[in-house]
Amino acid sequence: MTGRDTADGDMTGRDTADGDMTGRDTADGDTAGSDPATEQPGTPDGATATYVFAVCRQLDPAALAGLAGLPGFTECFPVRGLRFGPLTAVVQHVPAAEFSEDAWQQRLSDRAELERCARAHHEVVTAAAACGPTAPLALATLYRGDERARQALEADTGRFTAVLARIEDHAEWGVKVYLPTSAPAPSETAPARPLANGGGAAHGAGRAYLERKRGLHQAREHQHDRALQTAEDIDAALSRLATAARRLRPHSPEMTGEKHRLQVLNATYLVTSVCEKRLRDAVTGLRHRTGAEVELSGPWVPYSFVGEV
């Protein structure tokens, strides 16, 4: 939904930052809103919340120029930086009433609206990442104003600092591997009809049917074993080029809508810029060596690796 990996169904990337690192600031069941001391001029008291997109070290304001931010709020509330300690959060004020818990649940049920928010979130994160290592926060990370956001983020300064050091000069690359599915044999579902004039012929037909069933079972086992081995071989080869790797659940044909091929590997790799060419070359070589379809996507902001520190 971010233009990055829509088939995964991810809102802000292959795997968003872990929720324990961020979160909606709605303690005590209150609707998120701004502290009076942090209101922007011209906004009604208590009418806004602070939406946090990401955390970085330094942020060039020019990188945010012209960004739309969340749909519908650009003119009133531009995307901007919010300094806390040695780090900077990328934030935007939003109307609190439109980002309350109930309002956000309504957005979750509206796929088109959710996709618009996810794409906007990803666009801001990507722009910030052009300035240096950037830790994306989960979609809908909200606080009751700038001061509450600053306090909460400062409490996690150590973790953010470690994450930024880990992902510096790295990018995330996605890999999906597919093998062709085998069409079922015509005789898989029913045995041959016995001849009318002979029990021996019927016995022979039954034995032939069992042998066909046994052969189909062995073929499926072989296909399964080949899929597992192919996935392991490709993952091992690419992991050697990566600082970190994550295996995700492969998508079923029902999810991908592709009946002619089976996804056997869905993985993501954290790779330094100096290894980018080696990664691309390795994928090309693995396609030829294994005969599998190997799809490489990236480079992306390292969404999948910011929650591990």
Side-chain angles (χ1 to χ4, degrees), residues 11-13 16-59 61 64 67-110 113-114 116-125 127-128 134-161 163-164 303 306-307:
M11 296 300 100
T12 57
T16 57
D18 288 354
D20 61 353
M21 199 164 184
T22 63
R24 298 172 59 87
D25 187 15
T26 54
D28 303 322
D30 296 334
T31 300
S34 291
D35 292 317
T38 63
E39 291 293 339
Q40 287 188 333
T43 61
D45 182 35
T48 61
T50 298
Y51 184 108
V52 186
F53 295 93
V55 169
C56 53
R57 292 172 181 157
Q58 299 290 336
L59 183 65
L64 305 181
L67 283 179
L70 295 176
F73 309 127
T74 309
E75 293 182 3
C76 299
F77 309 118
V79 179
R80 57 195 169 84
L82 176 68
R83 195 73 179 170
F84 67 96
L87 304 176
T88 298
V90 185
V91 305
Q92 182 180 23
H93 271 150
V94 294
E98 297 188 36
F99 282 83
S100 66
E101 195 67 37
D102 289 342
W104 186 250
Q105 289 303 317
Q106 291 180 3
R107 277 189 170 85
L108 288 176
S109 64
D110 184 341
E113 174 64 16
L114 184 59
R116 284 192 291 270
C117 290
R119 288 186 180 278
H121 184 104
H122 181 63
E123 180 183 9
V124 172
V125 171
T134 298
L137 272 64
L139 194 66
T141 298
L142 289 161
Y143 297 95
R144 300 187 191 93
D146 286 2
E147 191 56 36
R148 291 293 295 270
R150 185 179 285 110
Q151 291 172 0
L153 296 171
E154 281 183 342
D156 256 339
T157 296
R159 291 183 65 194
F160 282 122
T161 300
V163 166
L164 294 173
Y303 284 93
V306 297

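- Under the 4.5 Å side-chain criterion, counting only non-hydrogen atoms from C-beta, L139 is in contact with L114.
- Going from atom SG of C117 over to atom CZ of R119 covers 12.0 Å, rounded to the nearest 0.5 Å.
- Two residues are said to be in side-chain contact when any heavy atoms from C-beta on lie closer than 4.5 Å; T50 and R148 fail this criterion.
- The minimum heavy-atom distance linking A128 with V90 is given by the pair CB-CG2, 3.9 Å.
- Between E98 and A103, the shortest heavy-atom contact is O-CB, 3.5 Å.
- The shortest distance between side-chain heavy atoms of R80 and D146 falls below 4.5 Å.
- When all heavy atoms of P95 and F77 are compared, the closest pair comes out as CD-CE1, 4.1 Å.
- Contact annotation: the side chain of L164 approaches that of L87 to within less than 4.5 Å [non-hydrogen atoms, C-beta and beyond].
- Classification of the F53-H121 ring pair by plane angle, with boundaries at 30° and 60°, yields tilted.
- Heavy-atom minimum distance, L59 versus G81: CD2-CA, 3.9 Å.
- Rounded to the nearest 0.5 angstrom, L137 CG and Y303 OH are separated by 10.5 Å.
- E113 meets the side chain to side chain donor-acceptor pair (under 3.5 Å) test with R107, R116; sequence neighbours excluded.
- Counting all heavy atoms, side chain and backbone alike, A89 lies closest to V52 at CB-CG1, 4.1 Å.
- Under the side-chain contact (heavy atoms from CB on, under 4.5 Å) criterion, E154 pairs with F84, R150, T157, not counting sequence neighbours.
- Applying the side chain to side chain donor-acceptor pair (under 3.5 Å) criterion to T88, with sequence neighbours excluded, gives R83.
- Considering only heavy atoms from C-beta on, L70 comes within 4.5 Å of F99 through its side chain.
- The backbone N or O of T141 sits nowhere less than 3.5 Å from a side-chain atom of Y51 that would complete a donor-acceptor pair.
- The shortest heavy-atom contact between V79 and G69 is CG2-CA, 3.6 Å.
- Considering only heavy atoms from C-beta on, V163 stays 4.5 Å or farther from V55 through its side chain.
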